[in-house]
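So that the names make sense, note that chain A is the first sequence line, chain B the second, and so on, each numbered from 1. Small disclaimer: the values here were computed from a predicted structure and weren't measured.
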Protein chains: 2
Amino acid sequence: MKDTEQSIIEAAILIFNEDLSAPLEKVADQAQVTRRTLHRYFKDRKELMDKCQKEIRKACAVAMSNAYNTTENPRERLEAMFYAGLDCGSKNTFLHKLHTLHDHKHQAANEECSEYDHTFELWKGNLQVLLTTGIINQGMTVDWIHNFFQSVVVVFINSQQKGALGRTDARQLAWFSFSKGIGI
Amino acid sequence: MKDTEQSIIEAAILIFNEDLSAPLEKVADQAQVTRRTLHRYFKDRKELMDKCQKEIRKACAVAMSNAYNTTENPRERLEAMFYAGLDCGSKNTFLHKLHTLHDHKHQAANEECSEYDHTFELWKGNLQVLLTTGIINQGMTVDWIHNFFQSVVVVFINSQQKGALGRTDARQLAWFSFSKGIGI
DNA sequence: CACAAATGTCACAAATATGAGACATTTCGC
DNA sequence: GCGAAATGTCTCATATTTGTGACATTTGTG
């Protein structure tokens, strides 16, 4: 029964990802919990948001790290990490969103920002190999591909929400769109 | 000086696109205007939001319609409408976002929904031609490509906001990612 | 300059969101 | 079934957001 805290966090990620300033009652509803209970686990909005970020960073870091270690081939690594990104779903996109907000000033001094950077260090490093060895040609930049990656995850999430496509089909489609889209 | 109303709408689209429940003061700030002035032009939040949607639908509809009429070749049409989508920028993505929200129930009876549908009628019709003639193969679905289209627009906007890429370069990159990503 | 329109400043009431106390009810392990 | 922990209900104080009136200031125009 102690997974209430976790389910609130999951709900918050879902809600805040759509509506950053949504009232906490929406989060509580999504978690099928009272606002009162939510406040028993989280002192205030800021604390909830912080826990969300921590959860997100952890989940993404673990998934990415695991995927990275499945193979030594850069091309296969990219694919493995891509699927890991899909599996992280809205956690992945929310993390990315928080760091591309209009008023967000990215600075390495910020603890959360540096953790964010670290999360994608492996990803970007691997990507750089593919770029320099010419497997990915064109005028592709790391930033573009990073954004593009996140965007394809959004497409995947949307398709899953609608239920129009099976998970396996959607995963294949996503990888097709991503890999071809960056010129592999 | 009467473009104050318009600049508030533009500001609102920018802010609401990032944070749907953002306080109106943020919109006023973005428009470099007092909250008091904002309320002189818009009775309340709902009226502002409605005007935003109207503006968005109009802008997207005009841009798409123009692009459609530049050529009769479906393949070229797709490209022209793609660039039109880029030019609509956040208007395009905000419109799409509003209709993919978790709690949004899409129903043709709804006036705004039907207008939204109409906006992309041409786009989807043209796409269907490309699908049935086999120019786009794979297990691609219209919905997937539609979502994918919107996502690439987001990537484009992000790259422009950062200023890392010139507009022309970004447009080319975007078209590359999109066209290859759907298997053209 | 003078005048009118637009905007800003300040003040304020109403609505909504937030956070927490007190106590009832439910849930779970034993 | 008992007791403890978790959760819900109800209530309330406070903070924030919202919308508007009254009046000062700025801006554009003749």
N-O pairing of [X] and [Y] below 4.0 Å:
X	Y	value
A/R75	A/E79	yes
A/E10	A/K91	yes
A/K46	A/D50	yes

All N/O pairs under 3.5 Å across the protein-nucleotides 22-25 of chain C interface:
none

[X] [atom1] - [N] [atom2] separation (whole Å):
X	N	atom1	atom2	value
B/L38	D/dT18	CG	P	10 Å
B/K26	D/dT16	NZ	C1'	13 Å
A/L48	C/dA20	CG	P	13 Å
B/E47	D/dT18	CD	C1'	14 Å
B/F42	D/dT18	CZ	P	15 Å

Looking at five pairs on each end of the helix from C/dC1-D/dG30 to C/dC30-D/dG1, what is the angle between the two axes, given to 10 degrees? 50°
Could you go over nucleotides 17-19 of chain C and give all protein N or O partners under 3.5 Å, atom names and distances?
residue	atom	partner	partner atom	Å
C/dT18	OP1	A/R45	NH1	2.7
C/dT18	OP2	A/L24	N	2.9
C/dG19	OP2	A/R45	N	3.4
C/dG19	N7	A/R35	NH1	3.0
C/dG19	O6	A/R35	NH2	3.4

Partner residues of A/V129 under the side-chain contact (heavy atoms from CB on, under 4.5 Å) criterion, sequence neighbours left out: A/P74, A/T133
Just to confirm, is there a sub-4.0 Å distance from OP1 or OP2 of [N] to any side-chain nitrogen or oxygen of [X]?
X	N	value
B/T34	C/dT7	no
B/Y41	C/dT7	yes
B/T4	C/dA6	no
A/T37	D/dA6	no

Under 3.5 Å, sequence neighbours excluded: what are the donor-acceptor pairs made by side chains of residues 176-184 of chain B?
residue	atom	partner	partner atom	Å
B/S177	OG	A/W144	NE1	3.2
B/S177	OG	A/G181	O	2.9
B/S177	OG	B/L173	O	3.4
B/S179	OG	B/W175	O	2.7
B/S179	OG	B/F176	O	3.3

Keeping the roles fixed (side chain from B/S65, backbone from B/V62), state whether a donor-acceptor pair exists under 3.5 Å. no
Rounded distance (nearest 0.5 Å) linking atom CG of B/L86 with atom CD1 of B/I157: 8.5 Å
Distance check, rounded to the nearest 0.5 Å: B/K97 atom NZ versus A/N158 atom CG? 11.5 Å
Please tell me if the side chains of B/H39 and B/L24 come closer than 4.5 Å, counting only heavy atoms from C-beta onward. yes
Pairs touching residues 21-31 of chain B that satisfy side-chain hydrogen bond (donor to acceptor under 3.5 Å, both in side chains), sequence neighbours left out: A/D19-B/S21
So if I apply the side chain to side chain contact (heavy atoms under 4.5 Å, CB included) rule between B/Q53 and each of B/K51, B/E55, B/R57, which one comes out positive? B/R57
